[in-house]
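Sequential numbering from 1 along the given sequence is applied to the chain's residues. Remember, it's 1-based here, ligands and their atoms both numbered in the order they're listed. Atoms considered below: every heavy atom in the structure, side chains included; atoms not considered: hydrogens, waters and symmetry mates.
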Amino acid sequence: MNPDAVIKTLHPLEVKALYAAQEGKAFHAQDLVDALEWKTGQANQAISWLTGKDCLREVNRITKVYFELTDLGRDYLSQGTPLERILTHLEQKGPASLPELAQALSLENKDVGSAFGSLSKQGAVKMNAQKQAEYVSREKAQDLIPIRAILDKAGTAPQGILMEDQLDPQERTTMDGLAKKRGASSAPFKMVEREIVSYEITPTGLQLQAALSKAGITGEELGGLTTAMLKTGSWKKGSFRPYNISLPPGRIAMGRRNPYCEYLDWVKDKLVGLGFEEFDGPLVETEFWNSDALFMPQFHSARDIHDVYYVNEPRSAREIEQPFLDNVAAAHENGGQTGSRGWQYGFDREFTKRLILRSQGTVMSAKTLQRAQVPGKYFGVLRCFRYDQVDATHLSDFYQTEGIVLGDDVNLKNLLGLLKMFAEQIAGATEVKYVPGYFPFTEPSVEVHIKHPVLGWFELGGAGIFRPEVTKPMGVDVPVLAWGLGIDRMALMHLGLNDLRELFTPNIEHVRLRRKQ
Ligand SMILES: N[C@@H](Cc1ccccc1)C(=O)O
């Protein structure tokens, strides 16, 4: 430690506390409060800073008990206790019935009853023949004396506080009857237990103390310049605290885009840069485009109510565009013009109009085919919905990046190259697996898996070459590479998160910490 450097970093509170500490003499926060006219918070702050810097060390810790006057206690102090007031009233105003006393002194009947009982037991009052309470003698009310003594003692103590060790054994017993522990509003005293920690200055502290006085630092140095100081010229007399340029400045959180939105834009820019054209479409789709046009048979299990959200109102689209409806129906029933035998079942032209929330981005690839150019490259970042149990890697609504590449000579190798770019550059994965997969709309099909440092291996999505049963009904007769990857999952990897839900969190602190590398 270089004391001359460290003293420049000390806060005025630390400087003053260091000066106040004496070698070999223990002190506690209250001593600083008294000596420096500080608030308790300031003393505690200075002590905690200095302890952290090894300038002070704790020497012992004791629990002190003290008693504090409550509001009721202050009342008793100024107006008298109920017993005293009853006694005085009877002495000055003559006999009265108990209800009259209660009324006159604004006390509860039952309190007057028990106070009278206690006074009459001591012989200070009595019940006369007219059933009225009557004054006998104040001297007889012996019980009042210790209570009054303690109230008066607290009344002259600072803040109405009596430390346990300021009470003799007799007083301590009286106090037991008067104080209830914490929160009892019906007692004149509150008992409080406080831990008192004593500290001592360490050799490091002493070294700094010496360095401070050598440097002439007093802790009175000014921390800032105000208009008033300039106007009155008082700044000329003061000296200023030096700047500590080694302290990291406070972080200013400036407005910025949500990191996930930023990520999506970055991905879109990248794909556009590679010559892809972006597509987008509605969230509500027909069974036709979401699945039928993708050669998923209408009886396919992925199409039942557990996977897809159905729209209640309206339930169905009015019609499906031709000639796509006829072409797709034929492809399903017997292959139509596609060279396939189809699925060999009767295509349901009502079911196909059913409205749903799109469950896969591939719906937009299917729709784009009819207007796509050859060669051509298209992509979209599309929100999809599936009825799913939400967890770290599943959401019931999520984004897929979906795309197609059309060309006379595109092949699986090109597709694998694209997938590699997604996995390695866009998701930032270092371990990637491509495994054979199955989708009703592609042949061959492949699945991409990546390894997340915390979550382990998970599927990024699927890809393949569209079957002729998909492309031909749309009037496309060249190979079409297609893929659909969970872009939320890519972002998880890229942004270093461990849970998909964090991408959509409204927790501002969380959001601030995330940025694209
Ligand atoms: N739509 C498929 C992914 C996919 C898209 C395009 C081709 C092949 C597969 C899914 O959601 O899992």
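- Among residues two or more places apart in sequence or in another chain, the side-chain hydrogen bond (donor to acceptor under 3.5 Å, both in side chains) test is passed with E350 by K353.
- Using cut-offs of 30° and 60° on the angle between ring planes, the pair Y260 and Y263 is parallel.
- Note on R256 versus E262: salt bridge recorded, some NZ/NE/NH1/NH2 to OD/OE distance being below 4.0 Å.
- A distance-only check finds a donor-acceptor pair linking the side chain of R489 to the backbone of T393 [under 3.5 Å].
- For I245, the CD1 atom counts as loosely surrounded, since its 6.0 Å shell holds 12 or fewer non-hydrogen atoms of other residues, nucleotides or ligands.
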Dump the pairs for me: ligand 1 N or O, protein N or O, distance under 3.5 Å, to 0.1 Å.
unit_1	atom_1	unit_2	atom_2	d
ligand 1	1 (N)	Q360	OE1	2.8
ligand 1	1 (N)	T362	OG1	2.7
ligand 1	11 (O)	R386	NH2	2.8
ligand 1	11 (O)	Q400	NE2	3.0

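- Looking at W343, its side chain does come within 3.5 Å of a backbone N or O of F295 through a donor-acceptor pair.
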